[in-house]
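Order of the sequence lines sets the chain letters (A, B, ...), proteins ahead of strands, with each chain counted from 1.
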2 protein chains.
Amino acid sequence: MTAETQPRRLRADAARNRRLLLDTAAATFAEYGTEVSIAEIARRAGLGKGTVFRHFANKDELIAAIVCDQLDRLSAAGTALLDAVDPTSALLEFMTLGVEVQSRDRSVCEAGVSIGVGDPGIQAATDRLFGTAEALTERARRQGGIRDDVTGQDVILLLRGAYQAAAPLARTVPELWRRYLAVIADGLLSTTAAPLPRPASTRPRPTDRNDGMPHG
Amino acid sequence: MTAETQPRRLRADAARNRRLLLDTAAATFAEYGTEVSIAEIARRAGLGKGTVFRHFANKDELIAAIVCDQLDRLSAAGTALLDAVDPTSALLEFMTLGVEVQSRDRSVCEAGVSIGVGDPGIQAATDRLFGTAEALTERARRQGGIRDDVTGQDVILLLRGAYQAAAPLARTVPELWRRYLAVIADGLLSTTAAPLPRPASTRPRPTDRNDGMPHG
DNA sequence: CTACAACCGGACCGAGCGGTCAGGTTGATA
DNA sequence: TATCAACCTGACCGCTCGGTCCGGTTGTAG
């Protein structure tokens, strides 16, 4: 996707190595997280360390390329779900996909930490994902399937929460997240319950003092 | 608590410095997480780096001392709540306290990652906390206030999830976790909902193949 | 007051990190 | 096939980290 943004066409071996690096780094980050050293990734790819920095200015750029790809895939899946017949179960399906992405790829979850402040590319991909989530949530809300004060942002953040709740035991109980996602889903579905605590709004209401958030 | 376990009495200045180090490290880890260097902590305490390693064999031991203290405080608060009149709201109160501990102290949350495999001291403190949570959950379960398949372990893990869901925006919306704790609480309260997905049991049922967990 | 063990400080060590660069290698072009 | 820019490599750099160690300092027991 972002591969062809190169100003000039790459030489055949260079293009091959770039792909190889992207794949190797993705697999390695997915398994061990983004703390793996560049040297280790180069070693696994059977290339020199310098080659990595020829293709990516620095480590963050490499991480961003991979994480953005994952986030955009999830966004795309979410967009496809906008056509589903049942909006509420589409939303649940989306959340399930979201947790699966994380449990398959540690780097995605780690990148989420930088939602507030981080790489601009990841920031943009996150915004896109928020948009998709909001659209899905909107549909479910209109249907009356979920509480009417849930936002797309809530959905994304809670989906991360479900994964991270189960993370400490992920090695021994790999699918524990399904349990916690079910709890959270139930919490979102219960339309009869009392309204959620205030700090909800994606854009700050003018009257409120501290509940607001940056971006819109 | 763990302070008097020393084999011999400390010299006055040594005891003072130990306290100072513990307090400084706790405050620093709380604010910046456990990645802060030992040198930085020593600097803040106005002591030499060597002094830190005189009192704690290595960095992990220092972290463990502080995190265990926090976990035990939470355990104690939970134990006190066992006497509350309403078991269900006592459980919710406990969960609120748990998230507050984390949002006040980043190191506690980070330590949770090592629930599966980590420092034996933290492991023990975690087990104690699980016990307290289980007792509180048991009462609420008996009362019928929450679903009957929720365990103490679920409560602890979900409480971490609530914090981590809100964490990315914690700087700009400090109390967002209340919102997500409310969602999770609703999910736990809904006694009418379908039973939670399987991987629940604290001890593996003999018939199940992979749902089990280590320890009991 | 003396003497000494306990204690303190910070220079020092080795390992590992992200990132650079000179020099050898190779794919495209004509 | 000859040429050369693009490419690859791994030694190297500067930095930070956890942890060690020894010479100087200080609390305290007798």
Side-chain angles (χ1 to χ4, degrees), chain A residues 3-25 28-29 32-67 106-107 110-111 114 118-119 121-122, chain B residues 3-25 28-29 32-67 106-107 110-111 114 118-119 121-122:
Chain A
E4 320 307 350
T5 324
Q6 294 300 315
R8 216 182 319 188
R9 256 197 80 212
L10 289 173
R11 226 168 68 175
D13 56 343
R16 200 180 339 120
N17 284 340
R18 186 189 168 86
R19 245 286 66 84
L20 179 61
L21 276 175
L22 236 18
D23 292 344
T24 307
T28 312
F29 286 153
Y32 301 105
T34 55
E35 304 225 320
V36 177
S37 72
I38 292 290
E40 172 67 17
I41 289 167
R43 204 186 56 74
R44 290 193 172 213
L47 298 174
K49 200 166 67 158
T51 307
V52 179
F53 288 104
R54 159 161 284 269
H55 288 284
F56 306 94
N58 50 48
K59 191 181 180 181
D60 287 344
E61 195 172 287
L62 173 59
I63 294 173
I66 290 168
V67 170
R106 285 189 48 174
S107 63
E110 288 173 25
S114 64
D119 178 274
I122 295 185
Chain B
E4 322 306 352
T5 325
Q6 295 299 316
R8 218 185 313 193
R9 255 197 79 212
L10 290 173
R11 226 168 67 175
D13 55 345
R16 200 179 340 119
N17 283 341
R18 185 188 169 88
R19 250 278 73 82
L20 178 62
L21 275 176
L22 236 21
D23 292 345
T24 306
T28 312
F29 286 153
Y32 301 104
T34 55
E35 304 224 320
V36 177
S37 72
I38 292 289
E40 173 68 16
I41 289 167
R43 203 185 55 76
R44 290 193 173 213
L47 298 174
K49 200 165 69 157
T51 307
V52 179
F53 288 103
R54 160 161 286 268
H55 288 285
F56 307 94
N58 50 48
K59 191 181 181 182
D60 287 344
E61 195 172 288
L62 173 59
I63 293 173
I66 290 167
V67 171
R106 286 189 48 174
S107 64
E110 288 173 25
S114 63
D119 178 275
I122 294 185

*How close or far is atom P of C:dG19 from atom CD of A:Glu61, stated in whole angstroms?*
10 Å

_Nucleotide C:dG18, atom C1' - distance to CD1 of A:Ile41 in whole Å_ = 12 Å

*For C:dC8, does either OP1 or OP2 sit under 4.0 Å from a side-chain N or O belonging to B:Asn17?*
yes

*Counting side-chain heavy atoms from C-beta on, which of D:dG18, C:dG27, C:dG19 comes nearest to A:Lys49?*
C:dG19

_Just the rounded figure in Å: distance from C1' of D:dG18 to CD of B:Glu40._
15 Å

*Over how many whole Å does the gap from A:Ile38 atom CD1 to D:dG10 atom C1' extend?*
15 Å

*Which value, rounded to the nearest 0.5 Å, describes the distance between A:Phe29 atom CZ and A:Thr24 atom OG1?*
10.5 Å

*Taking only the side-chain heavy atoms of A:Arg54 (C-beta and beyond), determine which of D:dC7, D:dT9, D:dC17 contains the nearest atom.*
D:dC7

*Pick the nucleotide of DNA chain D nearest each of B:Ala12 and B:Val36; which residue has the one closer to the 5' end?*
B:Val36

*asked:* How long is the straight-line distance from CD1 of A:Ile63 back to CD of A:Glu110, given to the nearest 0.5 Å?
replied: 8.0 Å

*Taking atom C1' of D:dG18 as reference, at what distance in whole Å does atom CZ of B:Phe29 sit?*
12 Å

_Whole angstroms only, please: what is the CZ-P distance between A:Arg16 and C:dT26?_
12 Å

*NA contact type, A:Thr51, heavy-atom cut-off 4.0 Å: base, sugar-phosphate, or nothing?*
base

*Would you please confirm or rule out a distance under 4.0 Å between OP1 or OP2 of D:dC8 and any side-chain N or O of A:His55?*
yes

*Separation of A:Leu10 atom CG from D:dA5 atom P, in whole Å?*
18 Å

*In whole angstrom, what separates B:Leu62's CG from D:dG18's C1'?*
12 Å

*What does A:Lys59 touch in the nucleic acid at a heavy-atom separation under 4.0 angstrom: a base, only the sugar-phosphate, or nothing?*
sugar-phosphate

*Between A:Ile38 and A:Leu62, does a side chain to side chain contact (heavy atoms under 4.5 Å, CB included) hold up when you go through it step by step?*
CA-CA 10 Å; A:Ile38 292 290; A:Leu62 173 59; 4.0 Å; yes

*From C:dG18, D:dG18, C:dG9, pick the nucleotide closest to the side chain of B:Leu47?*
C:dG9

*State the OG-NZ distance between A:Ser37 and A:Lys49, to the nearest 0.5 angstrom.*
8.0 Å

*For B:Glu35 and B:Arg11, take the nucleotide of DNA chain D holding the closest heavy atom to each; which residue's nucleotide lies nearer the 5' end?*
B:Glu35

*Examine distances only and state if a side-chain atom of B:Glu61 and a backbone atom of B:Ala57 form a donor-acceptor pair shorter than 3.5 Å.*
yes

*Could you check which of C:dC8, D:dG19, C:dA6 has an atom nearest any side-chain atom of B:Phe53?*
D:dG19

